[in-house]
There are 2 protein chains.
Amino acid sequence: MAKHTGLMTIGQVAQQVEVASSTLRFYEREGLIRPTKRSKAGYRLFDREALEQLRFIRAGQAIGFALNDIKALLLLDEETSCKRVQRLIEQRLVEIDAKLVNLKRLRSTLNDALGRCRKSKRGCAVVADLKGMSKKRKTLYS
Amino acid sequence: MAKHTGLMTIGQVAQQVEVASSTLRFYEREGLIRPTKRSKAGYRLFDREALEQLRFIRAGQAIGFALNDIKALLLLDEETSCKRVQRLIEQRLVEIDAKLVNLKRLRSTLNDALGRCRKSKRGCAVVADLKGMSKKRKTLYS
DNA sequence: TCTAACCTTTAAGTTAGGTTTATGGTACGC
DNA sequence: GCGTACCATAAACCTAACTTAAAGGTTAGA
Ligand SMILES: [Zn+2]
Ligand SMILES: [Zn+2]
Ligand SMILES: [Zn+2]
Ligand SMILES: [Zn+2]
């Protein structure tokens, strides 16, 4: 189909960028892409630039931007918008650092718990702890 | 209300454990808690054990368990289930480590991008890169 | 010409962990 | 007896990024 125009159907595009056709329709609904034209039968037809745009989108996602951020980036002019890009990246960095702190704390808490769980001989010390230090603590003596 | 039975209404419990009443109803729907009884008018009435159970739930969440995991933990007997607890914790650790790896990679990618963005003098190098190295690269020469 | 593999649309479902809204009954102090 | 604060239910809504379903039209190949 459309061999001579160089245009591709949604499925062909989907295959090229390794994304589901439904995702492409979703991106269109969200205003991230737009087919060059429609065939007589209503099929979406994309040109090669759509591939680049989609790779841009996926690259943006890969480095952690939300689709909304990417939509903003797509509207930017390379010449005029470094400030905006920097602000976006800085925001993402702050979020990421916060997540890292939380995850690391979480990791060490869980790791401690695992250690206690492994050492506990009569009854699970972790469950016991969670169920409240405030109780009978039969796990400690007899 | 219920002063002599030692039972508390949902709002009192909510206040004690610092959680919204709607959350408690949600937990009940999800099978995580159950009121001791209902008042004649249909009000949920909880005893003090509910407070402990809720603190268990929040403690579990705080160390990164999903409500489903916590539900499983609640059904466990302290005496018989260390293996299960260990498996749960180990799974969580694997997930957390994977997330940490991703986040760290992401962080350094974004940080590099930020550096390039700051250094780029004519046009945003980051947007240019995302828009495809494969192109005219007018950002490099002239 | 048949059939499989495309494509179209609108609408609803998925994930987690709740919150909000609408509508109406209850409890308590004054 | 009233006002205010509390409680009940069912259902819808929230975020993010999609996926799936239902119902049907199109195209390519043998
Ligand atoms: Zn254990
Ligand atoms: Zn820049
Ligand atoms: Zn849910
Ligand atoms: Zn059909």
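Below, chain A is the first sequence line, B the second, and so on; all start at residue 1.
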Which is true for Arg38(B) with a 4.0 Å heavy-atom rule: it touches a base, it touches only sugar-phosphate, or it touches nothing?
sugar-phosphate
Expressed as a whole number of angstroms, how long is the span from Lys40(A):NZ to dC7(C):C1'?
16 Å
Between P on dA16(C) and CD1 on Ile57(B), what's the gap in Å once rounded to a whole number?
17 Å
Measuring to OP1 and OP2 of dC7(C), would you say a side-chain N or O of Thr9(A) lies under 4.0 angstrom away?
yes
In whole Å, I'd like the distance from the CZ atom of Phe65(B) to the C1' atom of dA16(C).
17 Å
Let me know the distance between CD1 of Ile33(A) and P of dA17(D), rounded to the nearest Å.
15 Å
Taking the side chain of Tyr27(B) as its heavy atoms from C-beta onward, which of dC18(D), dC7(C), dG18(C) lies nearest to it?
dG18(C)
Spacing of Phe26(A) atom CZ relative to dC7(C) atom P, expressed in whole Å
19 Å
Do Arg55(B) and Glu18(B) sit within salt-bridge range, that is, some charged N less than 4.0 Å from a carboxylate O?
no
Salt bridge flag under 4.0 Å for residues Arg44(A) and Glu28(A):
yes
Donor-acceptor pair, distance only, cut-off 3.5 Å: does the side chain of Gln12(A) make one with the backbone of Thr9(A)?
yes
For Leu24(A) and dT19(D), what is the distance between atoms CG and C1' respectively, to the nearest whole Å?
13 Å
Nucleotide dG18(C), atom P - distance to CG of Asn68(B) in whole Å:
12 Å
Candidates dC18(D), dC7(C), dG17(C) - which lies nearest the side chain of Ala66(B)
dG17(C)
At 4.0 Å (heavy atoms only), tell me whether Thr23(A) reaches a base, stays on the sugar-phosphate, or touches nothing.
sugar-phosphate
Starting at CD of Glu28(B) and ending at P of dG18(C), how long is that distance when rounded to a whole Å?
15 Å
dC18(D) phosphate, OP1 or OP2, under 4.0 Å from Gln61(A) side-chain N/O:
yes
Report which part of the nucleic acid Arg44(A) touches: base, sugar-phosphate, or nothing (heavy-atom distance under 4.0 Å, all strands).
sugar-phosphate
Hey, is Arg92(B) close enough to Glu95(B) for a salt bridge, meaning N to O under 4.0 Å?
yes
Got a donor-acceptor pair under 3.5 Å from the side chain of Tyr43(A) to the base of dG25(D)?
yes
